[in-house]
J.: 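Okay, here's the structure, questions in a sec.
The shown structure was predicted, so the numbers you read here are calculated from the model rather than taken from an experiment.
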Amino acid sequence: MAMATIRREGRRLLPLMSSSPAVTVRELGPIGARSISTQIVRNRMKSVRNIQKITKAMKMVAASKLRSAQVRTENSRGLWQPFAALLGDSPSVDVKKNVIITISSDKGLCGGINSTSVKFSKALHKITSGPDKETKYVIVGEKGKVQLIRDSKKDIELTIAEMQKNPLNYTQVAVIADHILKNVEYDALRIVFNKFRSVVQFFPTVTTVLSPEIVERESESGGKLGDLDSYETEGAETKGEILQNLAEFQFSCVLYSAALENACSELGARMSAMDSSSRNAGQMLDRLTLTYNRTRQASITTELIEIISGASALTG
């Protein structure tokens, strides 16, 4: 009881004594230090617990969106594959004007999916660059823009953000594809995206869309690209006009499928990242709980020792 009275008096007189220059807080001793340390641990446990709730909620939201996105992605794959048979998909074609379209996400917290696309785009830029060649970037997504603008700002021709703000549809992507075709000059469009394989697996992929002039050049040189002789055509359109229309439609279909693939990969990566974050938060919470219990037990033990020592001093 005497010890408790002394502590209460010490705390009450602390503001008065601290105003004197001759007495410092350090000389008074760490009054209430044990309660402060346990309070810090409790606050940290509370913040970690709140973070764990957020990561679990984000994982559930990504899981609820993944199934519908996966179905739409699988259905879109049959849209552009016939164009690959007719107009080809030749990443090794040698042209002078290359445009790399990097598809990334607008939001983070999805692992290294955006870094993978950016690294693949930079490697492709080195391969397609040369003294008589020109390679430019068209960036779709805010995260890809943030990473590429650091060291490739002069090569960025166009940036597009918030494409995934609303559910993706072909009409929306077709407008974006038309905007890209009107604002860039190209011989080959190389779309870089992450192809969805499973929740925990995606692959960086590049799809090449050639300009009608390059397709016609390859066709005249004896290649199989743009071989329209085996097809029946209606109307008075020339071969160049037909290839122009096909190339524009091919690009919009490929861009739509690539955007869906990347969005599906983003949801899967976010699920995995949030699951790992939730587990890490749980492990950190266990360690903090152990630290809190040890600190509290040490405080209780010290209090008991002081009480016993005081009682012994009074009885002695």
Side-chain angles (χ1 to χ4, degrees), residues 1-66 104-116 142-143 146-147 150 162 164-165 199-200 266-316:
M1 190 68 182
M3 295 294 293
T5 304
I6 292 173
R7 287 181 180 174
R8 282 199 295 269
E9 291 298 324
R11 291 174 184 171
R12 186 173 63 83
L13 295 175
L14 180 60
L16 297 175
M17 298 176 66
S18 60
S19 61
S20 175
V23 181
T24 61
V25 177
R26 183 174 297 178
E27 292 174 356
L28 295 175
I31 299 176
R34 299 189 188 94
S35 62
I36 292 176
S37 63
T38 54
Q39 183 65 33
I40 291 174
V41 177
R42 279 202 301 269
N43 291 339
R44 185 67 183 274
M45 290 171 63
K46 183 179 179 181
S47 63
V48 172
R49 195 176 289 112
N50 291 336
I51 291 173
Q52 189 180 40
K53 290 179 182 178
I54 294 172
T55 55
K56 286 183 177 180
M58 292 183 67
K59 177 188 174 182
M60 292 177 63
V61 171
S64 64
K65 293 180 179 180
L66 179 61
S104 61
S105 65
D106 292 313
K107 298 179 181 179
L109 299 178
C110 51
I113 183 171
N114 295 313
S115 300
T116 303
E142 195 66 32
K143 295 301 178 181
V146 170
Q147 296 188 42
R150 297 172 186 170
E162 296 186 357
Q164 300 176 9
K165 187 175 182 180
V199 176
V200 295
E266 176 191 349
L267 291 173
R270 182 169 288 115
M271 278 185 60
S272 301
M274 293 302 101
D275 183 56
S276 299
S277 299
S278 299
R279 288 200 305 267
N280 293 338
Q283 295 174 3
M284 184 178 293
L285 195 59
D286 292 339
R287 291 195 297 267
L288 289 173
T289 303
L290 183 60
T291 303
Y292 174 76
N293 291 335
R294 286 178 176 175
T295 306
R296 183 169 174 270
Q297 185 64 40
S299 176
I300 294 172
T301 304
T302 305
E303 295 286 345
L304 290 174
I305 293 173
E306 291 176 352
I307 292 171
I308 293 171
S309 299
S312 301
L314 292 174
T315 57

J.: Provide the full list of salt bridge (Lys or Arg N to Asp or Glu O under 4.0 Å) pairs with a residue in residues 269-282, sequence neighbours left out, each pair given once.
T.: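 Only K59-D275, E266-R270, D275-R279 qualify under salt bridge (Lys or Arg N to Asp or Glu O under 4.0 Å).
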
J.: Would you give the length of the straight line joining atom CD1 of I40 to atom OG1 of T295, rounded to the nearest 0.5 angstrom?
T.: 10.0 Å

J.: Considering all heavy atoms of both residues, which atom of Q164 and which atom of D106 are nearest to each other, and what is their separation?
T.: N-OD2, 3.8 Å

J.: Output all residues satisfying side chain to side chain contact (heavy atoms under 4.5 Å, CB included) with V61, sequence neighbours left out; order by chain, then residue number.
T.: K65

J.: Do you know the tightest heavy-atom contact between V199 and S272?
T.: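 Taking every non-hydrogen atom into account, O-OG, 3.6 Å.
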
J.: Side-chain atoms of residues 282-289: list all donor-acceptor pairs with protein atoms under 3.5 Å, sequence neighbours left out, distances to 0.1 Å.
T.:
residue, atom, partner, partner atom, Å
T289, OG1, L285, O, 2.7

J.: Applying side chain to side chain contact (heavy atoms under 4.5 Å, CB included), name anything that partners S64, two or more places apart in sequence or on another chain.
T.: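 Partners of S64 by the side chain to side chain contact (heavy atoms under 4.5 Å, CB included) criterion come out as none, since no residue qualifies.
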
J.: Output the distance between atom CZ (R296) and atom CZ (R42), rounded to the nearest 0.5 Å.
T.: 9.0 Å

J.: Sequence neighbours excluded, which residues qualify as side chain to side chain contact (heavy atoms under 4.5 Å, CB included) partners of I305?
T.: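 If we apply the side chain to side chain contact (heavy atoms under 4.5 Å, CB included) test to I305, skipping adjacent residues, the hits are T301, S309.
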
J.: For a quick test of reading the model, state the closest non-hydrogen atom pair linking L267 to A62 and the distance between them.
T.: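 Answer, listing the atom of L267 first, then A62: O-CB, 3.9 Å.
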
J.: Atom CG of N50 and atom NZ of K53: how far apart are they, to the nearest 0.5 Å?
T.: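 Taking CG in N50 and NZ in K53, the distance rounds to 5.5 Å.
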
J.: Counting N and O atoms only, with roles assigned by atom type, does the side chain of N114 sit under 3.5 Å from a partner on the main chain of S105, one being a donor and the other an acceptor?
T.: yes

J.: State which residues pass side-chain hydrogen bond (donor to acceptor under 3.5 Å, both in side chains) with S278; sequence neighbours excluded, sorted by chain then number.
T.: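 Residues passing side-chain hydrogen bond (donor to acceptor under 3.5 Å, both in side chains) with S278: T55.
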
J.: Go through the structure and list residues passing side-chain hydrogen bond (donor to acceptor under 3.5 Å, both in side chains) with S277, not counting sequence neighbours.
T.: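 In terms of side-chain hydrogen bond (donor to acceptor under 3.5 Å, both in side chains), with neighbours along the sequence ignored, S277 is linked to no residue.
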
J.: Roughly how far apart are I51 CD1 and K46 NZ, rounded to 0.5 Å?
T.: 13.0 Å

J.: Under the side chain to side chain contact (heavy atoms under 4.5 Å, CB included) rule, collect the residues that match up with A281, sequence neighbours excluded.
T.: V48, Q52

J.: Where is the tightest heavy-atom contact between A269 and C110, given as atom of each residue plus distance?
T.: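 Nearest pair, atom of A269 first, then C110: CB-O, 3.2 Å.
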
J.: To the nearest 0.5 Å, what is the distance between CE on M45 and OH on Y292?
T.: 7.5 Å

J.: Taking only residues two or more places apart in sequence or in another chain, which ones pass side-chain hydrogen bond (donor to acceptor under 3.5 Å, both in side chains) with N43?
T.: Q39

